[in-house]
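Note sheet for the following structure.
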Amino acid sequence: VAVHLDDLSTPALVIDADAFDRNLATMASVHPGARLRPHVKAHKCTPLAAAQRAMGHQSFTCATPREVVGMAASGMGDDLLLANETVDPVRLRAMADADAMVTVAVDSAETVRAAAANGITACLIDVNVGLPRCGVSPDRAGALADEARRTGLDVRGVMGYEGHLMMVPDRSERLAQVEAAMALLAAAHADVGGEIVSAGGTGTFDLHQRTSVNEVQAGSYALMDTHYGRQGLPFEQAVFVVGTVISRQDDWAVADVGLKALGMDHGNPSVVDGTVWFCSDEHVTFATERTVHVGERVMVVPAHVDPTMAMHEAAWLVRDGEVIDRWPIDLRGW
Ligand SMILES: Cc1ncc(COP(=O)(O)O)c(C=O)c1O
């Protein structure tokens, strides 16, 4: 029996299969094969990663050891990068023991030692290109690479995530800033050596033509959110949280999609055909020009895709209103 979108219990995480397919095709045409190292943190879903792999991308970026181990267990362990730092011996060992080629980011003597001591064999030197998060300063990258090699790690190259530039509104300004940041990464790479220069995200995916970056770590492009939707990128909104109107009062309606079903760090979600007033734990309160009725379905568009995905157990893949698959969000946790 065909399951329709309207049959799902809500809140329900829904992926528009056609928009998703177009997003994957658009990205693969710009960054085919290994030029893209899709970041699974954006979706935490192995069936979705398998769709990216079917587009030709066999190497993946992960943010947590759990993502690495889960990808390996799903047979997608050809080349997994933990683009993040960890000193946890148990999790490092779990990644080392996984059926995968695992590379971890390092930015300190401590992270180098922890990786080498727990069975990891390869690393990238994580370089600070302006985002005050992880990453060694460019002038210390070469010394850290020497240290990593002394411990026996294979230093495959560098990464440098320009996350602070994703939302620079003007494209030419964004391009100039990305090129300046990537000059820092190139200088570090000259001292570090190795094949890989890894950087980038959805907001800068097409700004690396003149940089030395040879793989882009974009993730959000596959599903998108309203935050990235404002940037004029060639990707479509492909994920929604479907809600049911549970109350209708004077000027407003209330649906059952609250902040426990949405990543809220980029602000309120949007409601198709409505204006969101606010979210509370289990509710979104919104106004509409037309009259909505209790029991009606509404499409809520998340402002930030990554944390939204992580709040749901599964996503429903929908084509022409019909549910065609259930994809578990199986890489949650750490
Ligand atoms: C290390 C790293 N690389 C790449 C990305 C790119 O992700 P997105 O495509 O969602 O901008 C992120 C996102 O936070 C990240 O942390």
Side-chain angles (χ1 to χ4, degrees), residues 20 23-24 26-28 30-31 35-45 48-49 52 55 57 59-68 71 79-86 103-107 111 123-136 156-169 174 177-178 181-182 184-185 188 196-208 211 213-239 263 265-266 302-310 331 334:
F20 170 70
N23 288 345
L24 262 51
T26 299
M27 183 59 94
V30 177
H31 295 300
R35 290 269 317 163
L36 187 77
R37 186 186 279 278
H39 208 321
V40 304
K41 73 188 271 284
H43 52 74
K44 290 182 176 284
C45 174
L48 200 158
Q52 293 174 311
M55 293 302 290
H57 317 297
S59 46
F60 286 90
T61 312
C62 299
T64 64
R66 167 77 198 118
E67 291 170 6
V68 171
M71 287 292 287
D79 185 350
L80 300 176
L81 168 64
L82 181 72
N84 198 2
E85 276 66 11
T86 179
T103 303
V104 301
V106 293
D107 70 354
T111 46
C123 69
L124 289 188
I125 305 298
D126 190 359
V127 178
N128 179 357
V129 294
L131 173 70
R133 206 173 70 178
C134 300
V136 67
R156 297 183 68 200
V158 293
M159 66 161 274
Y161 174 55
E162 74 280 23
H164 57 305
L165 303 179
M166 295 294 147
M167 297 308 293
V168 173
R174 194 156 76 237
Q177 292 193 34
V178 166
M182 292 304 113
L184 299 173
L185 188 60
I196 295 177
V197 184
S198 195
T202 299
T204 63
F205 86 103
D206 58 347
L207 303 179
H208 285 281
T211 74
V213 168
N214 51 26
E215 53 170 59
V216 168
Q217 303 177 350
S220 300
Y221 78 96
L223 297 173
M224 289 294 283
D225 54 34
T226 62
H227 195 62
Y228 264 138
R230 289 194 287 274
Q231 288 296 77
L233 302 168
F235 306 110
E236 300 168 49
Q237 189 60 45
V239 70
D265 60 311
H266 288 170
H304 193 183
V305 59
D306 313 45
T308 299
M309 299 300 288
L331 299 175
W334 289 268

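In each ligand, atom 1 is the first atom listed, and ligand 1 is the first ligand listed. In what follows, residues are counted from 1 in the order of the sequence shown. Just so it is clear, the model here is predicted, and its values are computed rather than measured.
With contacts defined as side-chain heavy-atom distances shorter than 4.5 Å, the pair His227/His304 does not qualify.
Arg174 pairs by the salt bridge (Lys or Arg N to Asp or Glu O under 4.0 Å) definition with nothing, not counting sequence neighbours. Not counting sequence neighbours, the partners of Phe20 by the ring pair (Phe, Tyr, Trp, His ring centres under 6.0 Å) test are Trp327.
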Please tabulate, one line per pair, the protein N or O atoms found under 3.5 Å from any N or O atom of ligand 1, giving the distance to one decimal.
residue, atom, partner, partner atom, Å
ligand 1, 3 (N), Gln217, OE1, 2.6
ligand 1, 9 (O), Thr202, N, 2.9
ligand 1, 9 (O), Thr202, OG1, 2.6
ligand 1, 9 (O), Gly219, N, 2.7
ligand 1, 9 (O), Ser220, N, 3.2
ligand 1, 10 (O), Ser220, N, 3.2
ligand 1, 10 (O), Ser220, OG, 2.4
ligand 1, 11 (O), Thr202, N, 3.3
ligand 1, 11 (O), Tyr228, OH, 2.6
ligand 1, 14 (O), Lys41, NZ, 2.7
ligand 1, 14 (O), Tyr161, OH, 3.2
ligand 1, 16 (O), Arg133, NH2, 2.9

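Panel note: side chain His31, backbone Phe205; a donor-acceptor pair is recorded below 3.5 Å. Under a 3.5 Å cut-off, the side chain of Asn23 and the backbone N or O of Tyr221 do form a donor-acceptor pair.
Residues in residues 196-208 take part in these salt bridge (Lys or Arg N to Asp or Glu O under 4.0 Å) pairs, two or more places apart or across chains: Arg171-Asp206.
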